[in-house]
Each structure stands twice: as structure tokens, then as C-alpha cells.
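Take a look at the structure set out below.
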Amino acid sequence: MLFFVVNAQVLKGGVSEDYIPKGFFGSWGVISKLNNSNNPVIFNYESRDIWTLSGYGNVLVLENLESGARSEITIKDKSTDGKTLKFERQKVVQEGGKKVIYKETVSFVLLGNNFSGTDDFVVERYNEQNQFVKKDCAKYSISGVRISGTNP
């Protein structure tokens, strides 16, 4: 008869709040206002939307209830203060042999039932030979007011 002595540690799992502060979860009335741009004609001056923010692990789920748009964004920077949310996202679109890259860098700070922050938006255009043609930039101020959900 053989006996094995095994030392094992119990593994514990769960969702970390380090990436996405829970206070951001819920529905928000959000206003975006254009601060500056090198080509203001192609960007919205102001928008008013209703967002629902949720998530799991380091994935933020952002849904626009009015348009039906939904994004899952991987958060790379952990929140060190429990009230800051930063993320980047990029989308590449092929349009008739030409490439357009949409880049966005967002930073929000939670203040109770409100948040504020910035959204830097860049549109890079390339020709059929994949040569850079043009870069349009915009910087938005973002503010949000909680509609539903709780602030822990």
C-alpha cells in the first residue's frame, strides 16, 4: 500500500475591483462637449446619451441604451485610487481599399453620483497603398450623472 502526503493550498477566486471601480456600475446620463479639434466639422459638438456601465474582471461593458451600441473594452490600467477609470480602444475600418483607424483614450474620475473626465479621439486615414494621409483629432469634456445603480 502506498500513501502520499500532499500539501495543497486552497485557491480562492473572484472579480477584482482594481481594474473597474464598482461605483461606475449602473446607468448614467452623459454629456460630451467638444473642447478643441483640428477639424471640428467632422466631430459632434455636443452629445447627450444614456450609458449603462457594467463589467467583469478587467472588461468594461459600455452600452448606449438609445442607439443600442455595445462595447466590451479591456482595461489595461488598474485603478489605484478606487475612483479613476482609464481605457483606450481602437477600431480599424477598411473603406474601398483605404484604411481608417479610430483611436480613443478616455479618463473618468468618480465623484459620488457624478463623474467627469476627458475623451481624446483620433481619426487616422490611409490611402490604398497604406500610406498615411491625414489625422483628425478632437478633445471632449465628459460629465455623467447617475440615473440608477448604487454607489458603494
Side-chain angles (χ1 to χ4, degrees), residues 7-96 98-126 132-152:
N7 286 335
Q9 293 180 332
V10 176
L11 296 177
K12 295 180 181 178
V15 175
S16 171
E17 294 177 28
D18 293 340
Y19 283 92
I20 307 168
K22 259 192 160 170
F24 281 104
F25 294 164
S27 296
W28 297 86
V30 180
I31 298 174
S32 303
K33 291 185 181 181
L34 183 63
N35 281 348
N36 57 57
S37 173
N38 68 336
N39 189 1
V41 174
I42 70 165
F43 295 101
N44 291 333
Y45 174 71
E46 182 177 296
S47 67
R48 296 170 185 265
D49 298 298
I50 297 175
W51 294 354
T52 299
L53 299 175
S54 59
Y56 52 92
N58 67 334
V59 176
L60 173 68
V61 179
L62 189 152
E63 296 177 274
N64 182 320
L65 300 178
E66 294 173 9
S67 70
R70 182 179 195 276
S71 294
E72 288 194 16
I73 302 151
T74 301
I75 306 297
K76 295 178 184 164
D77 297 324
K78 289 184 179 186
S79 175
T80 57
D81 60 7
K83 62 180 182 176
T84 303
L85 179 60
K86 294 180 182 180
F87 61 88
E88 296 177 358
R89 61 182 174 170
Q90 179 174 303
K91 181 179 180 182
V92 179
V93 177
Q94 295 293 137
E95 296 177 351
K98 299 177 183 179
K99 179 171 68 173
V100 180
I101 301 175
Y102 300 92
K103 298 178 182 179
E104 193 172 11
T105 303
V106 178
S107 179
F108 297 144
V109 177
L110 185 64
L111 305 164
N113 286 322
N114 300 288
F115 70 77
S116 63
T118 59
D119 185 352
D120 295 326
F121 203 82
V122 176
V123 180
E124 294 177 349
R125 300 179 194 282
Y126 297 81
F132 176 78
V133 174
K134 185 178 182 181
K135 181 177 181 178
D136 295 310
C137 305
K139 185 173 188 89
Y140 287 91
S141 291
I142 311 289
S143 60
V145 177
R146 185 182 305 281
I147 296 172
S148 67
T150 58
N151 189 9

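Keep in mind that the numbers below use all heavy atoms, side chains included, and drop hydrogens, waters and symmetry copies. Note that this is a predicted model, so its numbers are computed, not measured.
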If every non-hydrogen atom of [X] is compared with every non-hydrogen atom of [Y], which pair is closest and at what distance?
| X | Y | result |
| --- | --- | --- |
| Tyr56 | Val61 | CE2-CG2, 4.1 Å |
| Trp28 | Gly26 | CD1-O, 3.5 Å |
| Tyr45 | Tyr140 | O-CE2, 4.4 Å |
| Asn35 | Ser141 | ND2-OG, 2.7 Å |

Look only at the side chain of [X] and the backbone of [Y], and say whether a donor-acceptor pair between them is shorter than 3.5 Å.
| X | Y | result |
| --- | --- | --- |
| Ser79 | Ile20 | no |
| Arg146 | Phe25 | yes |
| Asp81 | Val109 | no |
| Ser37 | Cys137 | yes |

Evaluate the side-chain proximity of [Y] to [X]: yes if any heavy-atom separation is below 4.5 Å, no if none is.
| X | Y | result |
| --- | --- | --- |
| Arg125 | Lys98 | no |
| Asp136 | Asn38 | yes |
| Leu85 | Leu110 | no |
| Ser32 | Asp119 | no |

Distance from [X] atom [atom1] to [Y] atom [atom2], nearest 0.5 Å?
| X | Y | atom1 | atom2 | result |
| --- | --- | --- | --- | --- |
| Phe115 | Trp51 | CZ | CH2 | 5.0 Å |
| Asp77 | Glu88 | CG | CD | 7.5 Å |
| Phe87 | Ile73 | CZ | CD1 | 4.0 Å |
| Glu63 | Thr52 | CD | OG1 | 6.0 Å |
| Lys83 | Phe24 | NZ | CZ | 10.0 Å |
| Gln90 | Thr105 | CD | OG1 | 9.5 Å |

[X] [atom1]: over 12 foreign heavy atoms closer than 6.0 Å:
| X | atom1 | value |
| --- | --- | --- |
| Lys99 | NZ | yes |
| Glu104 | CD | yes |
| Tyr102 | OH | yes |

For Asn36, enumerate each residue passing the side chain to side chain contact (heavy atoms under 4.5 Å, CB included) test, keeping only those at least two apart in sequence or located in another chain.
Lys139
Partner of Val100 under side-chain contact (heavy atoms from CB on, under 4.5 Å), picked from Val92, Val123, Val133, is Val123
Check against salt bridge (Lys or Arg N to Asp or Glu O under 4.0 Å), Glu124 and Lys103
CA-CA 8 Å; Glu124 294 177 349; Lys103 298 178 182 179; 3.3 Å; yes
Asp49: partners by salt bridge (Lys or Arg N to Asp or Glu O under 4.0 Å), with sequence neighbours left out
none
